[in-house]
Amino acid sequence: MGTGPEADDEGTTAGGTAGAGDLTAGPAGASGSPDPGAGVPPAAGAGDSPDSGAGHSPEAGASGPPVAEGGEPDGVGGAGGVREETASGSSEAGAAEAPQRSEAEAELAAQRVERERIERRKADRRGPVESGTKLSGKAADLLAAIRAVEGGEKPATTVFAAPDPAPRPAAPAPEAVRRPQPAPAAAAPATETIATVRRILAEGGAPESLAPQVAAALGEGADTLLREDPWQLLRVAGVRPDQADGFARALLGAECGPDDERRGRAVTGWLLEQAALAGHTALEMPALTAALAQRAVPDPEAAVQDAIAEGEALVFQDALDPGAPEPEDGEEERPVRVLVALERYALAEESLADGLARLVNSLAKDASERWEAVAATASGGAAELVRAVAGHGLVLHTGGEAARAEPAALLTAARAAGLRACAVTHTSEGHRRLAAALEEGDGGEGAVGTVAGLLSGAEGPGRDADGALDLDLLIVLDAPQLDVEGAAMLVEALPDGARLVLSGDPAVLWSAGPGRVFADLLAARVCPQIASRTPDPGPLGELVSGIGIGELTQVDAPGKELVIVPVRDAGEAVHRTVQLVADSVPRVIGVPAGQTVVITPGHGGAAGTRALNTALKERLNPGPGRFGGFDPGDRIAYSPAPGRTVPGQVVTADADGLHLSCAGVPVVVPKERVEQSVRQGWALTAHQAAGSRWPAAVVVLPGDAAPTLSRPWVYTAFSRAERHLSVVHGVEQALPKAVAETLPKPRTTRLPLLLKTQVPAAG
């Protein structure tokens, strides 16, 4: 362990702990004399996943069902009511740049268009669902079937068949689809509807500022629906059942009760949405009914039946051993599990499995000569990857940051051979790193983009006459960040005969959205898996590689690549973090404050993102926050859609909203969306930082973060640094213990079963 390059300006603290300015090199497991305290773990917030461990209930098998129970969301609070916290705008002149307006609305509209195209393609191809069973009929029949399954009896079931195939719409002229324009923004709710909803919210004691969100969530007739069923307020992100109960009591009076079937149905949907926030695409029936009982629903089974009967949820029975032969007469039935899911995630998983099966089984033969030419030009790890892609429609590629050179080489070779190839990443910063890995001249038009840009039509090669992506090869980097809906849209957008490569580091956190697509595919072994042998270089590469196998090892860091800063409590953690970012790292390492990211386990708590952002803004960009809490020059984290976080900077604000610059692209966030989609971004969670890297990273581990740590979280946070990593260490031995023992929390998904039944296992 070495000493810091120079003494801290404030000297050492009591007890002999090195000052924040002393970048003390040492083993990753080193600790000072922190006081773990009894702090409450920070609450999870928008844009972060429950895998950060903050503010969520334990998984099934612990003390509760696998349902996210997030802390108090921004803009919502107070038991039995809803607190109003509005973001004020400004009328100052806007930025000179032409803004990219309503990116979130454009992206969501593009996703809706893509889902409609997916459903048309599914209707053309598919017959009955083979991998799952949707129970239908009257509520009593559903309950009888569920109880029969739980009692080991054979249930009477109905196979959910796809609707009769609808004729495919006539394809537009090729010139009209070769280069699609970004999808138009979704139609905003009518002003009159919003005004009516606002009056109903005020009557029920809810913030009137929720009116646009309510109108958007409930659609046409939102005002009528809300008055008839006040619990529909739960469809708005951030509203909790106790708040919806208070709203319903104010509107319904004596008619309102916990046994109201409207309440049971709405709470069932809310619990399934909370499960999705925790990463699950479905819940097992016992977990769901237990969660409903905890929410004071008198008859949980009846509530689930009602939600299913009304089409607000789907129920499936999945065989636990799908490969077992059908039982003969008199033999014991195969065991099954009953799962309940929201339609959007159930259909996304089935669409994804179906699309992967199509790619595997529709390999183009006419491109073999060109693929042989591609293979002849590749060498090393890239050659092994190219050979696998030449003979298979789906290939998985695993490795760390240095391994990105292999899919980059594949892209270069494929395009040189005349193949239509494109590579996409999770973030704009990942796009930059991929472009840097390509040789000069290899990143032609449509060669590199982001997943969101490709799906929205803003980036990529365009579409063919059938509306599919005009591609022979799609390479997706940062594949662990793909959630089930994004993966389904990508796969279904590929034409028959195209090849798909999913590449990523399996040790990082799973997607912020529901599903664990990359991990499920790796476990299913339905396609070739190419593991890169290229290690990440230097002390940081050595440290992160050890974490990936559960070892927190001491590494030599002669160039101050790694520094441990022990702290005793959360207050000291915040103080030292600010000094590191604002003074020590720029002065000693040469990395400016703007190129240093701060990563902490959660949003709440004394050293969560909120506290750290407040302290960092005060030091680095002080101001009154008159633009809805923001000032020009603030670093921000913008979430244009759930599960996506885009770092950026505030430019200005005016009557149109908050003007941002995100990866060099001007964006305008309307005033009514600022509070829910823009945060201060000096400090991020690991999920928000996934897919990006910075020259320097400061990872903050206050004492109350110990229960939230896991090996994937530590691996993801530590691997965000390119040149320098400082660890503000206050968790003592909880860090090495988490790395050695704490694996990702399980997620309930149906994809593994669907893959087994639809995609043949790889030999």
Side-chain angles (χ1 to χ4, degrees), residues 1-8 17-32 399-405 429-430 432-433 436-437 505 507-508 534-567 573 576-600 683-684 686 689-701 709 711 713-731 735-736 739:
M1 178 180 298
T3 58
E6 51 188 288
D8 177 27
T17 306
D22 289 338
L23 301 181
T24 307
S31 63
E401 183 65 22
R404 297 169 79 92
E429 202 281 325
R432 176 193 64 78
R433 301 199 319 276
D505 190 338
V508 300
T534 306
D536 288 342
L540 295 182
E542 182 183 350
L543 172 68
V544 171
S545 296
I547 294 171
I549 60 173
E551 298 177 358
L552 194 62
T553 56
Q554 180 171 348
V555 298
D556 293 329
K560 303 297 181 186
E561 295 89 348
L562 172 64
V563 167
I564 309 301
V565 181
V567 294
R576 289 171 180 259
T577 298
V578 172
Q579 283 193 327
L580 284 165
V581 173
D583 177 38
S584 301
V585 172
R587 175 163 45 87
V588 179
I589 308 300
V591 176
Q595 297 179 21
T596 299
V597 65
V598 174
I599 301 175
T600 191
L684 305 174
S692 299
R693 279 163 64 91
W694 288 261
V698 177
V699 177
V700 185
L701 303 176
L709 298 181
R711 183 189 302 172
W713 192 94
V714 176
Y715 185 97
T716 304
F718 283 20
S719 60
R720 298 311 91 198
E722 293 179 335
R723 291 171 47 193
H724 172 79
L725 171 65
S726 284
V727 180
V728 179
H729 193 323
V731 291
L735 179 59
V739 169

How many angstroms lie between atom [atom1] of [X] and atom [atom2] of [Y], to the nearest 0.5 angstrom?
X: L552; Y: L735; atom1: CG; atom2: CG; result: 5.0 Å
X: I589; Y: S726; atom1: CD1; atom2: OG; result: 7.0 Å
X: L580; Y: R587; atom1: CG; atom2: CZ; result: 10.0 Å
X: I547; Y: S719; atom1: CD1; atom2: OG; result: 8.0 Å
X: I599; Y: T577; atom1: CD1; atom2: OG1; result: 11.5 Å
X: T534; Y: R404; atom1: OG1; atom2: CZ; result: 13.5 Å

Might you point out which heavy atoms bring [X] and [Y] nearest each other, and give the distance in Å?
X: P695; Y: V591; result: CB-CG1, 3.8 Å
X: H724; Y: L540; result: N-CD1, 4.0 Å
X: A593; Y: P586; result: N-CG, 4.1 Å
X: T716; Y: A686; result: CG2-O, 3.8 Å
X: D505; Y: G400; result: OD2-CA, 3.7 Å
X: A402; Y: D536; result: N-OD1, 2.6 Å

Q.
Pair Q595, R723 - check side-chain contact (heavy atoms from CB on, under 4.5 Å), show working.
A. CA-CA 11 Å; Q595 297 179 21; R723 291 171 47 193; 5.7 Å; no
Q | Test side chain to side chain contact (heavy atoms under 4.5 Å, CB included) applied to R720 and L684, V508, V699, L725, the passing residue | A |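 Exactly one candidate clears the test, V508.
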Heavy-atom side-chain proximity of [X] to [Y] below 4.5 angstrom:
X: E561; Y: E542; value: no
X: T596; Y: W694; value: no
X: V731; Y: H729; value: yes
X: F718; Y: L562; value: no

Q. For R693, does its backbone N or O pair with a side-chain atom of E429 as donor and acceptor, under 3.5 Å?
A. yes
